Amino acid sequence: MRERIGKSVLVPTMGALHRGHLELIRVAREHAGKDGEVAVSIFVNPLQFEPGSDFEKYPRPEFADEKFCENAGVNLLFRPREMYFDDHSVYVEETRLSEGLCGAARPGHFRGVCTVVAKLFNLLAPNAAVFGEKDYQQLAIIRRMVRDLNFPIEIIGVPTVREADGLALSSRNQYLTAEERAAAPVLYRAMTRVKEMADRGENSVSKLIGAAKNLIASAKGARIDYISIVDRKNLQPLETLRPNALIALAVFIGKTRLIDNLRLT
Ligand code: AMP
């Protein structure tokens, strides 16, 4: 066990830091206390990018990220060049919560996420780690990994930070052209439309998803990857709305795949 005066809280990221990450750092500081230590890791993890995705072109603004962390009062920036041996052959895989949503759309993605996060936990041995609810499935899977593998680490979730028009902040937003950026808030509009219908008593999931699909279909350049309404606890699809329902979606705007989610009940 390492001796520490305060708590150490880790914020794992892939860099290209924005206000969403800043909120995670703020929450990390709150939990660490003034004597504690906030660590940010930046690693564009090849293992979580499926073949043909944007690993090569993923933004890596190293200098700006370094300044960002400095200004945010981060105590430790961990930015490894490499995380894997050439002949690495051990992975961490969650097998239940990863089945649907992004797990179905991006085979191997969450195996890559769990493996790198487990390695970061072992290397940095934080007392707590902070993740965004924007990647709701990822947060649920990390909580499960920590529970099932007995990592002595508290997992803290942070609500999604959005632009004024509802678009969730994401490092991938910078891929969008001006026209695509104008279309992108349709994800949030579709989810809020569904929430309004749910609030008015509509509980047929097929009707709710149908309404979201129609709205998104009307946006130029938008192509739905998936839209699901699931139980927040086990991420299983629902047929009728009940407490703890969550809408989660992935939509291509042009070539850029955006994800988002919203609690419905
Ligand atoms: P990334 O660098 O995209 O891998 O994200 C690193 C962490 O920041 C993850 O835990 C994300 O869920 C979180 N995150 C990214 N965007 C947002 C956002 N708009 N609001 C809250 N958390 C976010």
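Because the structure is predicted, anything quoted here is derived from the model rather than measured. In listed order, ligands and their atoms are each counted from 1.
Using a 4.0 Å cut-off between charged side-chain N and carboxylate O, Arg19 and Glu23 make no salt bridge. The existence of a salt bridge linking Arg181 and Asp165 is confirmed by a sub-4.0 Å separation between a basic side-chain nitrogen and an acidic carboxylate oxygen. With salt bridges taken as basic N to acidic carboxylate O contacts below 4.0 Å, none links Arg263 and Glu133. Note on Lys255 versus Asp54: no salt bridge recorded, every NZ/NE/NH1/NH2 to OD/OE distance being 4.0 Å or above. Taking the charged nitrogens against the carboxylate oxygens, Glu180 and Arg172 have no contact shorter than 4.0 Å, which rules out a salt bridge. A salt bridge does not link Glu196 with Arg193: none of the charged nitrogens is closer than 4.0 Å to a carboxylate oxygen.
Nearest protein heavy-atom neighbour of atom 13 (C) of ligand 1: Leu24 CD2, 3.6 Å. Residue, atom and distance of the protein heavy atom nearest to atom 6 (C) of ligand 1 are Pro12 O, 3.4 Å. Shortest contact from atom 15 (C) of ligand 1 to any protein heavy atom: His18 CE1, 4.0 Å. In this structure, the protein non-hydrogen atom closest to atom 4 (O) of ligand 1 is Met14 CG, 3.6 Å. Among all protein heavy atoms, the one lying closest to atom 20 (N) of ligand 1 is Val161 N, 2.9 Å. Nearest protein heavy-atom neighbour of atom 11 (C) of ligand 1: Asp135 OD2, 3.0 Å.
Heavy-atom contacts from other residues, nucleotides or ligands closer than 6.0 Å to CD of Glu179 number 12 or fewer.
Looking at Leu169 next to ligand 1, an N or O pair under 3.5 Å apart turns up. Considering backbone and side-chain atoms together, His21 places an N or O closer than 3.5 Å to an N or O of ligand 1. Considering backbone and side-chain atoms together, Val158 places no N or O closer than 3.5 Å to any N or O of ligand 1. Taking any N or O of Gly132, backbone or side chain, at least one lies under 3.5 Å from an N or O belonging to ligand 1.
Classification of the Tyr84-Phe43 ring pair by plane angle, with boundaries at 30° and 60°, yields tilted.
Shown in contact with Thr160 at under 4.0 Å from a heavy atom are these atoms of ligand 1, numbered in order with element: 20 (N), 21 (C). Below 4.0 Å from some heavy atom of Phe131 lie the following atoms of ligand 1, by number and element: 10 (O).
Side chain of Ser171 to main chain of Gly15: a donor-acceptor pair is present (N/O by atom type, distance under 3.5 Å, no hydrogens or angles).
Looking at Pro159 against ligand 1, only its backbone comes within 4.0 Å, counting heavy atoms. When non-hydrogen atoms are compared, ligand 1 lies under 4.0 Å from neither the backbone nor the side chain of Ser170.
In the candidate list Glu133, Lys134, Gln48, Lys134 is nearest to atom 23 (C) of ligand 1, counting heavy atoms.
By the rule that hydrophobic residues join a cluster once side-chain heavy atoms approach within less than 4.5 Å of another member, Phe151 and Val116 end up as members of one cluster.
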